[in-house]
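Structure provided below as structure tokens; questions to follow.
We count ligands from 1, going down the list as the structure has it; atoms in each ligand are counted the same way. Count residues from 1 along the sequence. Because the structure is a prediction, the values reported are computed rather than measured.
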Amino acid sequence: MNPKVSIVIPTYNEVENIRLILEELRRCLEDSGIHDYEVIVVDDDSPDGTWRVVEEVSRSDPRVRLVRRIGVRGLGTAIVRGLQEAGGEYVVVMDADFQHPPSLVPRLVETAVRFNADVVVASRYSRGGGITGWSLARRVVSLGALLLAWILVPESRRTRDPISGFFLLRRRSLDLSGVRGLGYKVLLEVLALNPKARVVDVPYLFKPRRAGSSKLGVDDLMLYIVQVLSVSSMVRFAIVGVTGIPVNLGVMALALTSGAPVDIASLAGIEASIAWNYTWHELWTFKTTFKGGLRGVVGRYVGYHISVALGALTQYATMRLLYTLLGLNPLLGQLVGIILGFIVNYTLSRERVWR
Ligand code: GDD
Ligand code: MN
């Protein structure tokens with residue numbers, strides 16, 4: 001039988017913390033009446049022998065399991081491995097160094113149950129939460145990372161702390177198959193891949209490490225940027241939008257050369273780019289690929305038209321105005337219109353496209 005809760009702890013050189021964190025976790029869980037759990041420690045063959053301690057503990061407590069990875073390293077992939085091994089209805093991911101208080105684990109589970117949440121985030125940036133013991137530089141980096149996620153991954157705005165390393169997932173209601181752990185912010189990937197998931201925050205105070213030192217460096221920061229870009233629906237949206245420009249102008253030029261009036265040619269170009277963009281958004285940006293069958297697709301196609309209608313109107317009006325007033329080449333006018341239309345869509349319709 002699968003346990004109710006799985007706790008995944010990635011470790012690398014945590015020999016001074018691991019035994020205590022396992023003890024502390026057991027105490028907290030038992031005190032809250034959670035007996036049906038497993039702890040999965042994913043250790044990357046720590047030179048300090050962290051895995052040996054876990055092995056020893058697991059001999060007397062079968063709820064503790066060791067996954068020892070040899071020849072690989074990385075916090076992100078270690079967490080992904082832990083998620084694959086976990087059998088619980090709820091999976092909690094946390095650090096081994098007491099920066100994530102074990103006493104919060106039962107609270108995360110209770111919150112998931114009470115609010116019927118798919119994701120519960122232990123949040124440093126919610127009211128009542130906070131960070132102690134971080135240098136100004138580390139705070140600034142964290143805020144920068146937060147801002148980057150906020151801008152480029154709109155799906156992450158459901159929590160105040162999308163870059164938290166401490167969170168709970170309800171396995172059955174989430175699609176975790178696409179989570180790769182390229183960078184170490186696994187939560188961000190989960191949020192990006194599950195835009196419909198119900199997310200609830202629980203504030204907590206992030207404290208200094210109990211012992212040992214941080215393993216994250218400048219490399220991980222670079223990797224974070226790669227991770228954000230790779231999961232960013234905003235980036236995909238922009239790429240599709242840019243490819244729509246030649247489609248728009250190409251179809252318009254074709255219509256013009258075959259003798260169509262300027263207005264018809266302009267509208268044909270606009271409609272062609274809407275159809276083109278919609279198709280790629282369906283297949284790639286939002287990966288809603290034919291969900292809900294024909295009705296779903298038609299519904300989303302109509303919805304997409306409504307959300308870009310103002311931008312489309314701006315495009316057409318701009319072209320028409322520049323053509324009538326200045327005698328500007330209609331294709332050039334259309335290009336100016338595309339740019340203005342983009343701004344209108346971005347500022348007015350963004351929320352509707354992402355909902
Ligand atoms: N298996 C494995 N492999 N575990 C690792 C690795 C690795 O390559 N690198 C780090 N860990 C483990 C550590 O042993 C620790 O238990 C946990 O992952 C977090 O690593 P730290 O080195 O303590 O990270 P941090 O405190 O600097 O960063 C924390 O804060 C970030 C938020 O700003 C972590 O909680 C991050 O996950 C979090 O995003
Ligand atoms: Mn830490």
(message) Strictly below 4.0 Å, N to O, side chains only: are R320 and D263 in salt-bridge contact?
(response) yes

(request) Please report which non-hydrogen protein atom sits nearest to atom 27 (O) of ligand 1, along with the residue it belongs to and the distance in Å to one decimal place. (result)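 Scanning the protein heavy atoms, the shortest distance from atom 27 (O) of ligand 1 goes to S214 OG, 2.7 Å.
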
(request) Report the distance from atom CG of L223 to atom CD of Q227, rounding to the nearest 0.5 Å. (result)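 It is 7.0 Å, given to the nearest 0.5 Å.
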
(message) Is the shortest side-chain heavy-atom distance between K291 and T289 below 4.5 Å?
(response)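 Not in contact.
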
(request) Could you check atom 11 (N) of ligand 1 against the protein and tell me its nearest heavy-atom contact, residue, atom and distance included? (result)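 Looking at atom 11 (N) of ligand 1, the protein heavy atom closest to it is L75 CD1, 3.9 Å.
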
(message) I need the N194 CG to D175 CG distance, nearest 0.5 Å.
(response) 5.5 Å

(message) Just to confirm my output: which protein heavy-atom neighbour is closest to atom 37 (O) of ligand 1, and how far is it?
(response) G165 CA, 3.5 Å

(request) Classify the contact between V42 and ligand 1 as side chain, backbone, both or neither, using a heavy-atom distance cut-off of under 4.0 Å. (result) backbone

(request) Please tell me if the side chains of N17 and T11 come closer than 4.5 Å, counting only heavy atoms from C-beta onward. (result) no

(message) Which residue is it: R210, K207, K215, R209? I am looking for the one with a side-chain hydrogen bond (donor to acceptor under 3.5 Å, both in side chains) to D97.
(response)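 Among R210, K207, K215, R209, the one meeting side-chain hydrogen bond (donor to acceptor under 3.5 Å, both in side chains) with D97 is R209.
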
(request) Answer with side chain, backbone, both or neither: which part of E14 has a heavy atom less than 4.0 angstrom from an atom of ligand 1? (result)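 Looking at E14 and ligand 1, just side chain atoms fall under 4.0 Å.
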
(message) Tell me the protein heavy atom at minimum distance from atom 24 (O) of ligand 1, and give that distance in Å.
(response)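 Of every protein heavy atom, L216 CD1, 3.4 Å lies nearest to atom 24 (O) of ligand 1.
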
(message) Heavy-atom contact check, 4.0 Å cutoff: does H100 meet ligand 1?
(response) yes

(request) Please determine if Y12 has a nitrogen or oxygen closer than 3.5 Å to a nitrogen or oxygen of ligand 1. (result)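 N/O-N/O distance below 3.5 Å exists for this pair.
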
(request) Among all protein heavy atoms, pick out the one at the shortest distance from atom 31 (C) of ligand 1; state its residue, atom name and that distance to 0.1 Å. (result) K185 NZ, 3.6 Å

(request) May I ask you to say whether R68 pairs ionically with E55, meaning some side-chain N is under 4.0 Å from a carboxylate O? (result) no

(request) Starting from atom 10 (C) of ligand 1, locate the nearest protein heavy atom and write down its residue, its atom name and how far away it is, to 0.1 Å. (result) K215 CB, 3.8 Å

(message) Tell me whether ligand 1 is touched by G74 - counting only heavy atoms on the residue side and a distance under 4.0 Å.
(response)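 Yes, G74 has a heavy atom closer than 4.0 Å to ligand 1.
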
(message) Contact between S233 and P154 at the side-chain level, heavy atoms closer than 4.5 Å - yes or no?
(response) yes

(message) At less than 4.0 angstrom from any non-hydrogen atom of A96, what atoms of ligand 1 do you find?
(response) 16 (O)

(message) When you compare the side chain of V92 with that of F167, does any pair of heavy atoms fall below 4.5 Å?
(response) no

(request) May I ask you to check if ligand 1 and S213 share an N or O to N or O distance below 3.5 Å? (result) no

(message) What protein heavy atom lies closest to atom 35 (O) of ligand 1? Include the residue and the distance to one decimal.
(response)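 So the nearest neighbour among protein heavy atoms is D95 OD2, 2.4 Å.
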
(message) Tell me whether ligand 1 is touched by W134 - counting only heavy atoms on the residue side and a distance under 4.0 Å.
(response)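 Yes, W134 has a heavy atom closer than 4.0 Å to ligand 1.
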
(request) Give the numbers and elements of all ligand 1 atoms closer than 4.0 Å to a heavy atom of A78. (result)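 Those of ligand 1 that fall under 4.0 Å from A78 are 1 (N), 2 (C).
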
(message) Restricting to non-hydrogen atoms, name the atom on D161 and the atom on A122 that form the minimum distance, rounded to 0.1 Å.
(response)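 Shortest heavy-atom separation between D161 and A122 comes out as OD2-O, 4.0 Å.
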
(message) Tell me whether R81 is salt-bridged to E85, with the criterion being a basic N under 4.0 Å from an acidic carboxylate O.
(response)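 So R81 pairs with E85 through a salt bridge.
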
(request) Taking the side chain as every heavy atom from C-beta outward, state whether L249 and Q334 have any atom pair closer than 4.5 Å. (result) yes

(request) Check whether I239 and V153 end up in the same hydrophobic cluster, where Ile, Leu, Val, Met, Phe, Trp and Tyr are linked by side-chain heavy atoms less than 4.5 Å apart. (result) yes

(request) Record the part of N13 in heavy-atom contact with ligand 1 below 4.0 Å; permitted values are side chain, backbone, both and neither. (result)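 The answer is neither.
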
(message) Could you tell me if the side chain of R19 sits less than 4.5 Å from the side chain of V57, heavy atoms only?
(response) yes

(request) Could you tell me which atoms of ligand 1, counted from 1 in the order shown, lie closer than 4.0 angstrom to a heavy atom of D97? (result) 23 (O)

(message) Between ligand 1 and R209, can you find any atom pair, the residue atom being a heavy atom, that is separated by under 4.0 Å?
(response) yes

(request) Take the Mn ion (ligand 2) as the centre and count protein N, O or S atoms at distances under 2.8 Å. (result) 2

(message) Quick test: of every protein heavy atom, which one is nearest to atom 33 (O) of ligand 1, and how far off is it to 0.1 Å?
(response) R124 NH1, 3.0 Å

(request) Using the side-chain contact (heavy atoms from CB on, under 4.5 Å) rule, pick out the option among E23, E24, E16 that qualifies with L20. (result)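 Testing each of E23, E24, E16 against L20, the sole residue satisfying side-chain contact (heavy atoms from CB on, under 4.5 Å) is E23.
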
(message) At under 4.0 Å between heavy atoms, is it the side chain or the backbone of R138 that contacts ligand 1, or both, or neither?
(response)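 The answer is the side chain.
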
(message) Side chains of L188 and Y224, heavy atoms from C-beta outward: is any pair under 4.5 Å?
(response) yes

